[in-house]
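Side chains are part of it too, since the values below use all heavy atoms of this structure and drop only hydrogens, waters and symmetry mates. By convention in this document, chain letters (A, B, ...) are assigned in the order of the sequence lines, proteins followed by strands, and residues within each chain are numbered from 1. Note that this is a predicted model, so its numbers are computed, not measured.
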There are 2 protein chains.
Amino acid sequence: MATIDDVARRAGVSTATVSRALRGLPNVAEPTREHVRRVAAELNFAVSRSASSLASGRTDTVAIVVPHVTGWFFAKVISGAEAVLRAAGYDVLLYSIGDTESRERFFARLPLRGRADAVLVLALPVTEAEVGLLEGLGVPIGLVGHDVAGLHSVGIDDAAGARVATRHLVNLGHKRIALISGDGDPLGFTVPGMRRAAFQEVLRANGLRDAGEVVGDFTYAGGERAMTELLAREDPPTAVFAMSDEMAVGALKALRRHRIDPGGAVSVIGFDDHEMAEVLDLTTVAQPVAEQGSTAASLVLRQIGGQRATEPERVVLPVRLVVRGTTAPPRS
Amino acid sequence: MATIDDVARRAGVSTATVSRALRGLPNVAEPTREHVRRVAAELNFAVSRSASSLASGRTDTVAIVVPHVTGWFFAKVISGAEAVLRAAGYDVLLYSIGDTESRERFFARLPLRGRADAVLVLALPVTEAEVGLLEGLGVPIGLVGHDVAGLHSVGIDDAAGARVATRHLVNLGHKRIALISGDGDPLGFTVPGMRRAAFQEVLRANGLRDAGEVVGDFTYAGGERAMTELLAREDPPTAVFAMSDEMAVGALKALRRHRIDPGGAVSVIGFDDHEMAEVLDLTTVAQPVAEQGSTAASLVLRQIGGQRATEPERVVLPVRLVVRGTTAPPRS
DNA sequence: CTGTTAGCGCTTTCAA
DNA sequence: TTGAAAGCGCTAACAG
């Protein structure tokens, strides 16, 4: 593999000039630059990233830390972030630290130390200690889906989303409304708690009490189990708010199995606006997902460029109610 | 940030000893090693990866190249590969080059040159020219979901999968069988072609002709559209083979909308064994997805360690028919 | 078992 | 506009 010295020698200039010419820096005569470019191409030269970053202190890489790569939400967010980073010339280093063990190892060793110019933490609520470790990296940090005082973040108003979902059911006239919630918080997700509180708040404000809450683990199967359980109760709900579309789809499946028409005897509303929601005619609260990733990426990119730390921005993206066929007034 | 020299000075040893001690190399007295470790911890020292890889020529990083991060299949494969790589101490660099433009830029600049000790190319059929470029990187290459002479690869027997699916329908007594296929090959995917050929082969072997083929783009919505179109034909099929579960689910939705009972008037079989397949009681051909990623990762890892290039392995993982409720004999 | 010493390939002053 | 030269922080012989 050709080095910068090979190019310099062959082009009859100094390595400094090659470096400048190839990086598009000013103060290089255009003919010189052209010549260097040509020679570099001939030699099939590409800078050694490690040498370059050792010398410059830059890595041209951004780390993305996620709980999982699978899962509709995470994949979408990563995808949104990656597009922006790639376009800005950054490479993406991926760390998925879903289980406790890998999470601990990650924070203990911080493998990305010195490997990234910025870090994006997706949907992973970090403890105060972890924030400290991340800040010790000395690079800009961007959060998606949760926020921490002093750090840049992007997210949605989960409470507002849950409120609009619940109000929609209340406004249709439902009195017995149940919740299919997220899991028992193994990773410390804050989302389920926020949505639950907002759900309860709206019910209370309308003089209602929930008709049950069942955990659905944010999966299809969990949603189906949860709905099945709710249907077997003494006084089954006439409407259900599922904290994610995936669980809502599972719930629809359970209804169908019980020969209950969604939007007929039982209304269902989800959260996300998953591609499947449209296909299944599921009423839901839409959130911009890829955009949360791209916005966060832009945020940290701006930080990298910035001379001094700007004060943390907290971007809240809008959610909106998408009414489809699975919600309707209760049967009288 | 402390450097290795700071640690060496403070510990009263040479930098070489620090390097050896911290990397767990032999020939370091245990007390010395302990002492160095302690001092390094005190100083919060972490090796500079760029310095380290500049000096050693290793990067401890593997690049994963995919068309998209979203999409059930890709996310799962990435996840499987990542787990293995992480466990082996490698970081993961992610390149998604789904659209033609980013694909061209990727191969033109090969940003991973010198940044990775191996490359995993997932479900992205590479042209001969592209293979040449990748090989020019001089690192082991692993392919998933397609293969190229001379390269290591992991995949399933797509033809066998499609045959078993089609035979299942034929064996149930169906005569009018349609295909919901993948998209028009924008990225050069070879999978749709292989599955289609196998489908036709089985029909032919049984003296049948297909009852139509409609493109479903590997999406829910596409599957629904495709099924809807098939139902509007002169002589609609009594059974449908969808090349992916996602399309099959869309097809089920279309049937439901037409008040047709899946597994009753029309049978549907998918491909993948997506989580949703179980929930929706969808008959399908199961393929190990995460395992394709992890196997490929192991393959290249072995190559990295290996002194000389072993001859290319081509691992074919098994598929199996999972019969559920959406397939049954045709109504007489 | 430990230390010395060349580099690894680039970027970046500082001079010219 | 270009060149010379000093590192960036580490690893890997080689010596001892």
Side-chain angles (χ1 to χ4, degrees), chain A residues 1-37 39-40 43-61 89 91 110-117 137-138, chain B residues 1-37 39-40 43-61 89 110-117 137-139:
Chain A
M1 186 119 301
T3 74
I4 200 173
D5 292 291
D6 299 331
V7 178
R9 205 170 311 123
R10 174 104 159 236
V13 296
S14 70
T15 63
T17 299
V18 173
S19 179
R20 292 187 197 108
L22 261 25
R23 282 183 300 152
L25 295 188
N27 294 330
V28 178
E30 209 40 56
T32 311
R33 191 190 299 274
E34 244 337 293
H35 180 220
V36 170
R37 280 218 186 98
V39 172
L43 262 36
N44 199 16
F45 168 77
V47 299
S48 152
R49 306 296 238 85
S50 34
S52 168
S53 79
L54 176 57
S56 70
R58 269 176 271 104
T59 64
D60 292 331
T61 300
D91 279 344
L110 282 182
L112 54 73
R113 176 152 40 178
R115 299 211 64 182
D117 297 337
L137 258 27
Chain B
M1 187 120 296
T3 74
I4 200 173
D5 292 293
D6 298 331
V7 178
R9 206 170 310 124
R10 174 105 158 235
V13 297
S14 70
T15 62
T17 300
V18 174
S19 179
R20 291 184 200 109
L22 262 25
R23 284 185 296 155
L25 296 188
N27 295 329
V28 178
E30 211 38 58
T32 311
R33 193 190 296 277
E34 246 336 294
H35 179 221
V36 169
R37 280 217 184 100
V39 172
L43 262 37
N44 199 16
F45 167 78
V47 299
S48 153
R49 303 298 236 85
S50 32
S52 168
S53 77
L54 176 57
S56 70
R58 272 178 269 103
T59 64
D60 292 331
T61 301
L110 282 182
L112 55 73
R113 175 149 42 177
R115 301 212 62 183
D117 297 337
L137 258 26
V139 297

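Rounded to the nearest 0.5 angstrom, A:Glu30 CD and A:Arg37 CZ are separated by 6.5 Å. Put simply, OG on A:Ser19 and CG on A:Leu25 are 6.5 Å apart, with the number rounded to the nearest 0.5 Å.
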* To do: Tell me, with the steps shown, if B:Val13 and B:Val36 meet side-chain contact (heavy atoms from CB on, under 4.5 Å).
  => CA-CA 8 Å; B:Val13 297; B:Val36 169; 4.1 Å; yes
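With sequence neighbours excluded, no residue forms a side chain to side chain donor-acceptor pair (under 3.5 Å) with B:Ser56. Residues passing the side chain to side chain contact (heavy atoms under 4.5 Å, CB included) test with A:Val28, sequence neighbours excluded: A:Arg20, A:Ala21, A:Thr32, A:Arg33. With sequence neighbours excluded, the residues satisfying side chain to side chain donor-acceptor pair (under 3.5 Å) with A:Thr61 are B:Arg115. The side chain to side chain contact (heavy atoms under 4.5 Å, CB included) test applied to B:Ala55 returns no partner, not counting sequence neighbours. Among residues two or more places apart in sequence or in another chain, the side chain to side chain donor-acceptor pair (under 3.5 Å) test is passed with B:Asp117 by B:Thr59. Considering only residues two or more places apart in sequence or on other chains, B:Ala46 meets the side chain to side chain contact (heavy atoms under 4.5 Å, CB included) condition with A:Arg113. Residues satisfying the side chain to side chain donor-acceptor pair (under 3.5 Å) test with B:Arg58, not counting sequence neighbours, are none.
Between the axis at the start and the axis at the end of the helix from C:dC1-D:dG16 to C:dA16-D:dT1 there is an angle of 30°, using five pairs per end and rounding to 10 degrees.
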Short N/O separations, protein against nucleotides 8-11 of chain D, under 3.5 angstrom:
| residue | atom | partner | partner atom | Å |
| --- | --- | --- | --- | --- |
| D:dC8 | O2 | A:Ala55 | N | 3.4 |
| D:dG9 | N2 | B:Ala51 | O | 3.3 |
| D:dC10 | OP1 | B:Ser48 | N | 3.3 |
| D:dC10 | OP2 | B:Ile4 | N | 2.3 |
| D:dT11 | OP1 | B:Ser52 | OG | 3.4 |
| D:dT11 | OP2 | B:Ser19 | OG | 2.5 |

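When all heavy atoms of A:Val18 and A:Ala8 are compared, the pair lying nearest together is CG2-CA, 3.6 Å.
Residues in residues 3-18 of chain A take part in these salt bridge (Lys or Arg N to Asp or Glu O under 4.0 Å) pairs, two or more places apart or across chains: A:Asp6-A:Arg9, A:Arg10-A:Glu42.
Of all nucleotides in DNA chain C having an atom under 4.0 Å from a heavy atom of chain B, the first and last in 5' to 3' order are C:dC1 to C:dG9.
Near-neighbour residues of DNA chain D inside residues 26-35 of chain A, defined by a heavy atom below 4.0 Å, number-ordered: A:Asn27, A:Val28, A:Ala29, A:Thr32.
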